[in-house]
Enquirer: 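I have a structure here, written as structure tokens, and I will follow up with some questions on it.
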Amino acid sequence: MLSALDRRHTVAPPGYSRWLIPPAALAIHLCIGQVYATSVYKNSLIAHFDASQTAVGVIFSIAIVMLGLSAAVAGTWVEANGPRKAMFVSACFWAAGFLVGSLGIATKQLWLLYLGYGVLGGIGLGIGYISPVSTLIKWFPDRPGLATGLAIMGFGGGAMVASPLSRQLLSFYDPGYDPSNAGSVASGNALVWLFVTLGLGYFVVMMFGVFNVRVPAADWKPAGFDPSRVAAKPMVTTANVSAANALRTRSFWLLWVVLFCNVTAGIGILEQASPMIQDFFRDGRTSAVTVAAAGGFVGLLSLFNMAGRFVWSSTSDVIGRKPIYVVYLGVGMVLYTLLALFGQTATALFVLLACVIISFYGGGFATIPAYLRDLFGTYQVGAIHGRLLTAWSAAGVAGPLIVNAFLDAQGKPGTLTAAAYRPALFTMVGVLAVGFVANLLVRPVPQRFHEPAGGRGDGTGSEPVAAERSGTR
């Protein structure tokens with residue numbers, strides 16, 4: 001039965017529509033995007049375990065670190081075994097993470113929640129995140145930015161589904177829980193059943209992606225697609241580079257810095273979004289922005305995070321990957337400066353600036369696979385992407401640490417004002433400046449790192465020869 005997951009059994013028949021692949025990828029990314037909704041039940045976990053915010057917040061940090069590490073370690077395996085098997089493994093780890101986590105909640109063993117949702121779930125996150133990427137790029141050699149944007153958009157929007165769903169499930173399992181009251185906490189029993197329900201439910205949805213994903217035949221190419229037009233574009237290679245050789249190139253490490261800087265800056269706002277908008281418009285101990293309005297602001301940021309992944313990555317197909325990162329990082333510096341200096345003057349201005357910044361954050365995630373494809377070819381691009389995602393792990397730690405360190409020095413939560421955020425925001429301007437310079441230094445990969453014409457590289461099962469025949473190389 002498991003042989004049905006092998007790459008050879010996932011080759012699409014003649015006439016198969018490539019537009020069926022993005023929904024399969026979305027089924028995975030919408031599920032694992034739940035990781036952005038952990039704040040919904042964070043206070044309930046704190047009350048249940050009688051633990052500190054830091055102790056419970058570590059669960060999210062472990063998951064993000066494991067995402068990057070598992071994507072880096074398993075990237076080559078994903079390329080060799082194909083998207084169906086990788087998606088299945090991702091679904092198993094993701095569901096197991098919830099179930100082991102539910103056991104930890106039921107027995108009040110916090111370490112089991114670290115092991116379950118943090119480690120096992122994080123492995124599912126990493127493998128699931130990269131599993132559709134190289135497949136989508138092979139199906140859409142003419143529009144790789146649009147293709148990866150369609151899938152990775154789901155990761156950014158996963159919280160939009162998971163947040164209200166989790167609140168409703170908690171109120172269903174615990175009638176005393178009020179989802180409209182920020183101070184209300186759910187019982188331990190409700191948390192157990194929430195994790196069980198999400199684990200089993202997400203597994204079923206992810207199976208839709210598992211059994212609907214396909215890889216293109218060796219000689220397939222889109223109707224009317226002219227490979228020479230792609231090859232003629234600046235910064236787009238006609239060769240292929242293995243994952244091992246990619247690590248030896250300067251361009252890979254420059255892109256690592258670019259992604260790290262873009263994520264560090266964006267995640268700083270995401271992590272503090274709700275208290276930040278209240279603090280910016282605080283007069284004494286009273287904020288003009290209510291808790292409910294702050295929650296709506298977080299939802300709006302999720303919408304722009306999701307939309308940016310599709311809109312900006314699709315735009316990169318037109319203007320190019322390097323110019324779009326000039327926008328993300330260069331315009332981002334201007335927006336952060338405006339937010340620091342004038343964000344407190346009007347709520348509408350604050351919301352507009354923050355939403356555009358977060359759209360750049362999401363766009364950076366969605367565009368990076370296409371940038372890698374341009375520089376390194378389609379051969380093992382998923383494995384290269386996995387290794388690059390270690391920048392996300394590092395940024396997931398650095399971004400919140402930078403912001404929280406500055407805020408801790410300014411005063412206690414609930415008493416801060418816009419002035420308290422200025423040092424952190426100006427620091428993010430500097431971080432973006434480093435990424436801006438790194439992006440300008442990116443150059444095509446030297447020929448000495450290219451795979452030999454007609455070779456199979458390191459024998460992982462990827463087929464550069466077939467890719468060359470189909471025009472996707």
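Scope of the values below: all heavy atoms of this structure, side chains included, with no hydrogens, waters or symmetry mates. We number each residue from 1, following the sequence as shown.
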Enquirer: Kindly say whether Leu432 contributes a backbone atom to a donor-acceptor pair with the side chain of Asn262 at under 3.5 angstrom?
Expert: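 A pair under 3.5 Å: no.
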Enquirer: Tell me whether Gln380 contacts the main-chain N or O of Ala243 through its side chain, where contact means a donor paired with an acceptor under 3.5 Å.
Expert: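 Checked: pair present.
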Enquirer: Start with the C-alpha gap between Arg321 and Asp374, add the side-chain angles, then the distance that decides, and say whether salt bridge (charged side-chain N to carboxylate O under 4.0 Å, His left out) holds.
Expert: CA-CA 8 Å; Arg321 265 38 102 172; Asp374 290 351; 2.8 Å; yes
Enquirer: Please answer whether the main-chain N or O of Leu20 pairs with a side-chain N or O of Asn212 as donor and acceptor at a distance below 3.5 Å.
Expert: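 Checking the backbone N and O of Leu20 against the side chain of Asn212, no donor-acceptor pair under 3.5 Å is found.
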Enquirer: Can you tell me how far the OH atom of Tyr336 sits from the CG atom of Leu341, to the nearest 0.5 Å?
Expert: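 These two atoms lie 14.5 Å from each other.
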Enquirer: Among side-chain atoms of Arg214 and Ser17, is any donor-acceptor pair under 3.5 angstrom?
Expert: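 Judged by distance alone, the side chains do not pair up.
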Enquirer: With no hydrogens and no angle check, just 3.5 Å: does a side-chain donor-acceptor pair link Tyr421 and Gln344?
Expert: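 Result is no, nothing qualifies.
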Enquirer: Would you check, one step at a time, whether the test ring-ring contact (aromatic ring centres under 6.0 Å, His included) holds for Phe252 with Trp256?
Expert: CA-CA 6 Å; Phe252 174 88; Trp256 193 99; 8.5 Å; no
Enquirer: Nearest 0.5 Å please: distance from the OH atom of Tyr361 over to the SG atom of Cys355.
Expert: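 Nearest 0.5 Å value for the OH-SG distance: 14.5 Å.
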Enquirer: Nearest 0.5 Å, please: how far is CG in Leu441 from CZ in Arg443?
Expert: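 Those atoms lie 6.5 Å apart.
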Enquirer: Is there a donor-acceptor contact under 3.5 Å linking the side chains of Thr38 and Tyr117?
Expert: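 Per modelled atom types, Thr38 and Tyr117 side chains form no pair under 3.5 Å.
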Enquirer: Is a donor on one side and an acceptor on the other found under 3.5 Å between the side chain of Thr148 and the backbone of Ala366?
Expert: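 Between the backbone of Ala366 and the side chain of Thr148 there is a qualifying donor-acceptor contact (under 3.5 Å).
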Enquirer: Could you tell me whether Trp111 atom CH2 has more than 12 heavy atoms of other residues or ligands within 6.0 Å of it?
Expert: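 No, because the 6.0 Å sphere around CH2 of Trp111 holds 12 heavy atoms or fewer from other groups.
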Enquirer: Are more than 12 heavy atoms from other residues, nucleotides or ligands located less than 6.0 Å from atom CH2 of Trp392?
Expert: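 Atom CH2 in Trp392 is crowded, with more than 12 foreign heavy atoms closer than 6.0 Å.
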